[in-house]
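Along the sequence shown, the residues carry numbers beginning at 1.
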Amino acid sequence: MDKIEIYTDGACKGNPGVGGWGALLIAGAKEKELFGGEKETTNNRMELMAVIQALGVLKRPCNIVLHCDSQYVLKGITEWITGWKAKGWKTASRAPVKNVDLWQALDQARTQHKIEWKWVKGHAGDPGNERADQLANLGVESVL
């Protein structure tokens, strides 16, 4: 399987408000940048969208190290999702899972890949995270 590093980030001007997502994919010496945005969204939705879009451009199963500064995304995909699915996409308090459409899309997008999920502190100088943040802000600008 191809080895790929992915850095993702989301941004929102107001929460809810205008939002953007960005992703940087690195495979050896090759890099690909992705970004997009929505006029009315939340930061959490943009964080999820960045990961979904990054995984969506891969054409075959890959061995991925995915760097993300969102605890919501990381805990959701590595800890909470199993329980949500077992409970019919309900939380422990039996409330509907927020952003269920994106969680389901992410759950589907990850199935063919081997993914190591890594948290990176945002705005702390990590070059990949800083680029993903810049791309997310380009996503915001693209819909203004």
With the side chain counted from C-beta on, respond yes when [X] and [Y] share a heavy-atom pair under 4.5 Å apart, and no when they do not.
X: Arg45; Y: Asp101; result: yes
X: Val140; Y: Phe35; result: no
X: Leu55; Y: Ile6; result: yes
X: Met49; Y: Thr41; result: no
X: Leu48; Y: Trp21; result: no
X: Val97; Y: Ile81; result: no
X: Arg110; Y: Ile77; result: yes
X: Met46; Y: Glu38; result: yes

Distance (rounded to the nearest 0.5 Å) between [X] [atom1] and [Y] [atom2]:
X: Trp84; Y: Lys98; atom1: CH2; atom2: NZ; result: 11.0 Å
X: Gln53; Y: Leu34; atom1: CD; atom2: CG; result: 7.5 Å
X: Lys118; Y: Glu116; atom1: NZ; atom2: CD; result: 4.5 Å

Nearest atoms (heavy-atom pairs only) where [X] meets [Y]:
X: Thr78; Y: Leu74; result: OG1-O, 2.6 Å
X: Ala23; Y: Ala54; result: CB-CB, 3.8 Å
X: Ile4; Y: Ala27; result: CG1-CB, 4.1 Å
X: Gly22; Y: Ala50; result: O-CB, 3.5 Å
X: Gln112; Y: Leu58; result: NE2-O, 4.3 Å

Check whether [X] reaches the backbone of [Y] with its side chain - one donor and one acceptor, N or O, closer than 3.5 Å.
X: Lys39; Y: Val143; value: yes
X: Glu5; Y: Val65; value: no
X: Asp126; Y: Asn129; value: yes

Donor-acceptor pairs under 3.5 Å, side chain of residues 8-18 to any protein atom, not counting sequence neighbours: which ones?
from  : atom 1 : to     : atom 2 : distance (Å)
Lys13 : NZ     : Asn137 : OD1    : 3.0
Asn15 : OD1    : Asn43  : N      : 2.9

Q | Contacts of His67 that satisfy ring pair (Phe, Tyr, Trp, His ring centres under 6.0 Å) - sequence neighbours left out | A | Tyr7
Q. Applying ring-ring contact (aromatic ring centres under 6.0 Å, His included), which residue pairs with at least one partner in residues 108-141 are found, sequence neighbours left out?
A. none
